[in-house]
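Indexing begins at 1, ligand by ligand and atom by atom, following the structure's order. It should be emphasised that the depicted structure is a prediction, and the values quoted were computed from it without experimental measurement. Along the sequence shown, residues are numbered consecutively beginning with 1.
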Amino acid sequence: MNKKILSSMVAAAMIASSLTVAPVMADDAAASDLADKTVGVCIYQFADNFMSLYRAELENYLIEQGFSKDNIQIQDGANDQATQTNQIDAFIADGVDVLIINPVTPGSCNVITDKCVEAGIPLVYINREPDEAEEARWDENDWDVTYVGADARQSGTMQGEIIADLGLDAIDFNGNGAVDYIMIEGDPENVDAQYRTEYSIKALEDAGLEVNCIDDQVGMWDQTKGNELVANSLAQYGDDIEVVFCNNDAMALGALQAIQSAGRTVGEDIYLVGVDALSEALEDILAGTMTGTVFNDHFAQAHGAADAAINYLNGEDNDHYIGCDYVKVTGDNVADIQALL
Ligand code: BGC
C-alpha cells in the first residue's frame with residue numbers, strides 16, 4: 001500500500017478512536033446524579049489558543065455527560081500561580097465535588113494535591129504534567145489524583161520526522177551538510193516545551209542527519225513573541241536558517257509572519273513546523289506555507305479528563321496516568337485532519 005494512503009488511514013483511525021471515547025454514563029440515573037455535582041476547573045491561562053479549544057470541548061463534553069452548565073465553574077489563572085492557588089482555595093471552600101486543574105506552575109502540584117487530598121476532593125490534572133516524584137505519591141498513597149495528557153516526546157519526535165523525511169538534499173540550502181535550525185520554545189518550566197525541544201532534534205539525529213542549532217529562544221507559547229523572536233533571528237542569521245522549529249502552532253503562526261516579512265518562502269528556501277493543529281496552521285499546511293504540525297488531540301484529552309472525573313464521582317478508580325496519542329500532520333493528510341475537526 002502506498003505510504004501516503006497508509007499514513008492517512010492511520011491518522012484517521014487514531015482520531016476516530018479518540019473521538020469515540022465511550023461515555024462513562026450508563027443510564028439516566030447516572031445522568032441525574034451528575035446534574036447535582038459541581039466541577040471546579042482551573043485553566044492556567046484563557047489567552048492560550050490551544051487551551052481555549054480544550055476548555056470549550058471540556059465544558060461541552062461535561063454537559064453532554066449530564067452535568068448542569070451552572071455547576072461547571074471555569075477559572076482563568078491568568079498565568080499566575082498565586083491567582084490560581086486562590087481560585088483552588090475558593091473551590092475547596094465551596095466544597096466542589098471534583099477538581100480539574102491545568103496548573104500554571106507544575107512545580108506547585110505537590111501543594112495543590114495536599115490541599116485537595118486533605119479536603120477529600122478528587123483531582124484530575126491536565127495538560128501540564130507534574131513531575132515523577134509527585135505522580136509517585138498518588139500511587140503510593142492510593143489518592144484519587146490522576147494526570148490526563150499526551151506524551152510530548154511523541155510530538156517532538158514527529159516534528160523531527162516531518163523534517164527528516166524531506167531528506168538532507170531538500171533541506172540543506174546552504175550545502176554545509178547539516179540541518180541549520182532555530183528553536184522557539186514554549187514555557188521552559190513545562191515538560192511539553194522541554195521534550196519537544198529535545199526530541200525534535202533527536203529525531204533528526206536518529207535519522208542520521210547532522211544538526212546545527214543557530215538560535216534557541218523562549219517564546220512562552222505566544223504568537224506575538226514567536227513573531228518577534230523569529231524576526232530577530234532572521235535579521236541576524238538570514239539565509240543560514242533552514243528550519244524553524246516551534247514548540248506550538250501559535251508561535252509557528254507568528255514565525256510565519258516573520259518569515260514572509262523577511263521575503264522567505266516556506267517549502268522553497270526554509271521549513272517551518274509547529275504542534276497542536278490549530279485550524280489556521282492546517283490552512284497554512286494546505287496552502288504550503290507551513291511544512292507540518294502535530295495534532296494535539298484536545299478532544300481525547302478533554303474527554304479523558306471528564307471521564308476520569310466522573311469515575312471518581314462514581315467511586316471508581318483511575319490509573320494515575322491517562323495518556324493520549326498525537327498525530328503527525330503534513331500536506332499528505334491535512335485534508336483528513338481538517339475534515340475531522
Ligand atoms: C500546547 C501549547 C499550549 C500549552 C499550554 C501545550 O500542550 O501545545 O499550545 O500553549 O500546552 O500548557
Side-chain angles (χ1 to χ4, degrees), residues 18 41-58 74-81 84 100-109 112 124-131 147-159 162 183-200 217-227 229 245-256 272-282 284 290 292-302 304-305 321-329 337 341:
S18 72
V41 181
C42 292
I43 299 296
Y44 96 95
Q45 171 165 238
F46 279 8
D48 178 294
N49 309 39
F50 173 73
M51 287 314 302
S52 299
L53 293 174
Y54 192 130
R55 174 163 51 102
E57 184 58 30
L58 179 61
I74 309 184
Q75 297 286 359
D76 179 4
N79 205 17
D80 180 62
Q81 188 57 58
Q84 186 178 70
I100 299 177
I101 297 183
N102 167 212
V104 176
T105 311
S108 303
C109 289
I112 298 171
V124 179
Y125 284 111
I126 56 169
N127 172 257
R128 298 182 151 197
E129 190 174 355
D131 62 27
Y147 172 74
V148 179
D151 182 344
R153 283 172 284 212
Q154 189 187 36
S155 52
T157 301
M158 288 178 171
Q159 284 189 296
I162 290 170
M183 178 70 67
I184 306 298
E185 299 189 26
D187 182 346
E189 261 219 52
N190 186 325
V191 287
D192 283 13
Q194 295 161 14
Y195 281 152
R196 288 175 193 164
T197 298
E198 181 184 346
Y199 281 78
S200 53
Q217 300 287 338
V218 172
M220 297 302 285
W221 304 119
D222 181 73
Q223 181 162 348
T224 308
K225 287 205 181 73
N227 175 264
L229 293 170
F245 283 99
C246 294
N247 283 171
N248 75 349
D249 279 350
M251 298 189 295
L253 291 170
L256 177 57
L272 172 65
V273 279
V275 175
D276 283 338
L278 297 183
S279 56
E280 264 182 281
L282 295 178
D284 282 317
M290 237 174 101
T293 187
V294 179
F295 176 41
N296 192 1
D297 191 341
H298 60 278
F299 294 104
Q301 292 173 61
Y321 179 93
I322 298 170
C324 306
D325 274 316
Y326 286 99
V327 182
K328 202 186 285 185
V329 188
I337 304 287
L341 291 184

So, using salt bridge (charged side-chain N to carboxylate O under 4.0 Å, His left out) as the criterion, who are the partners of D151 when residues are at least two apart? R153
Main-chain N/O of [Y] paired to [X] side chain as donor or acceptor, under 3.5 Å:
| X | Y | result |
| --- | --- | --- |
| R128 | V104 | yes |
| Q84 | N102 | yes |
| S52 | F46 | yes |

Report the distance from atom OG1 of T197 to atom CG of N247, rounding to the nearest 0.5 Å. 4.0 Å
Gap between atom CG of N127 and atom CD1 of I100 - 0.5 Å precision: 13.0 Å
Those residues with a heavy-atom separation under 4.0 Å from ligand 1 are Y44, D48, F50, N127, R128, N190, D192, R196, W221, N248, D276, N296
